[in-house]
Amino acid sequence: MACVFCRIVKRELPSYIVYEDDKNMVFLDIYPVSKGHLLVIPKEHYESIHDTPGKILARTWLLASILGKIYRVEMGAPGVNIVTNSGSAAGQEVFHFHIHVIPRWGRWTGFWGGRHRLSEEEARDVLDMWSSKKELIVKGLSEI
Ligand SMILES: [Zn+2]
């Protein structure tokens, strides 16, 4: 199995998991643009947004929206980007549909500006930020 995200789902590769249920998983981007940069995926493998069935697409986008709202409303981020890339020409690097949720904490530095290697300390901080938010995520998902 070559797909990195499928291997993360199966725990064959390590990741920092923020949220998980039977259909979706949320984990930290290993090269975050900003502190808290999340990747939201369906657990089933689909190459891009265009291959993903509507029901799964809707739930995955809802989840991304909930996470973005929690950054804005609960954690005080003044902005958030919620985006997917389709095709290598658009910057897609892993061909398993995923949505980036990128909180913006201050001045705009360009879309991918500030990308850096995730440190253990930064990862632990972000997991701490999310440790008390699971109920809000579950509540939001119950709307679909
Ligand atoms: Zn996959």
Side-chain angles (χ1 to χ4, degrees), residues 1-75 77 79-105 108-144:
M1 172 87 59
C3 175
V4 169
F5 289 174
C6 284
R7 294 187 68 195
I8 285 175
V9 169
K10 291 181 176 174
R11 305 293 206 276
E12 291 173 6
L13 290 175
S15 67
Y16 295 100
I17 299 169
V18 165
Y19 174 79
E20 169 176 37
D21 57 33
D22 58 334
K23 296 183 182 71
N24 291 101
M25 187 182 255
V26 180
F27 52 91
L28 303 189
D29 194 309
I30 203 74
Y31 290 101
V33 168
S34 68
K35 185 174 182 174
H37 182 165
L38 308 176
L39 298 177
V40 186
I41 66 166
K43 284 189 165 178
E44 283 181 46
H45 180 92
Y46 300 101
E47 188 175 302
S48 78
I49 184 173
H50 310 299
D51 307 291
T52 308
K55 272 190 178 176
I56 295 171
L57 209 52
R59 193 178 195 276
T60 306
W61 278 104
L62 176 61
L63 178 53
S65 172
I66 292 163
L67 298 165
K69 185 175 179 182
I70 291 172
Y71 271 135
R72 294 290 317 268
V73 175
E74 303 290 326
M75 299 183 188
V80 63
N81 295 103
I82 301 172
V83 66
T84 192
N85 304 327
S86 175
S88 53
Q92 187 176 6
E93 291 175 347
V94 176
F95 292 86
H96 178 135
F97 170 54
H98 57 285
I99 301 171
H100 296 263
V101 176
I102 306 170
R104 302 294 185 168
W105 303 107
W108 177 248
T109 55
F111 199 86
W112 298 108
R115 211 156 193 195
H116 58 280
R117 183 81 162 91
L118 183 69
S119 70
E120 177 77 21
E121 185 186 8
E122 181 178 352
R124 292 291 157 211
D125 275 358
V126 177
L127 292 182
D128 273 356
M129 288 160 63
W130 282 100
S131 62
S132 62
K133 301 293 186 273
K134 188 172 179 188
E135 266 181 43
L136 280 174
I137 298 170
V138 171
K139 185 169 178 283
L141 283 172
S142 72
E143 290 173 13
I144 201 170

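As the structure lists them, so they are numbered: ligands from 1, and atoms in each ligand from 1. Side chains included, hydrogens not; waters and symmetry mates left out as well; all remaining heavy atoms used.
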For this session: Enumerate the residue pairs fulfilling side chain to side chain donor-acceptor pair (under 3.5 Å) with a member in residues 92-104, sequence neighbours excluded, ordered by first and then second residue.
Result: H37-H100, H45-H96, N81-R104
Side-chain donor-acceptor distances from residues 67-74 under 3.5 Å, at least two apart:
| residue | atom | partner | partner atom | Å |
| --- | --- | --- | --- | --- |
| Y71 | OH | G36 | O | 2.6 |
| Y71 | OH | W130 | NE1 | 3.0 |
| R72 | NE | A77 | O | 2.9 |
| R72 | NH2 | P78 | O | 3.4 |

Exercise. Quick one: angle C3 SG - the Zn ion (ligand 1) - C6 SG, to the nearest 10°?
Worked result: 120°
Problem set entry | Name, closest N/O/S atom of H45 to the Zn ion (ligand 1) | ND1
Exercise. Is the backbone of L38 close enough, under 3.5 Å, to the side chain of D29 for a donor and an acceptor to pair up by distance?
Worked result: no
Exercise. Do R124 and E120 come close enough that some side-chain heavy atom pair is under 4.5 Å?
Worked result: yes
For this session: Have a look at H96 and say which of its N, O or S atoms is nearest the Zn ion (ligand 1).
Result: ND1
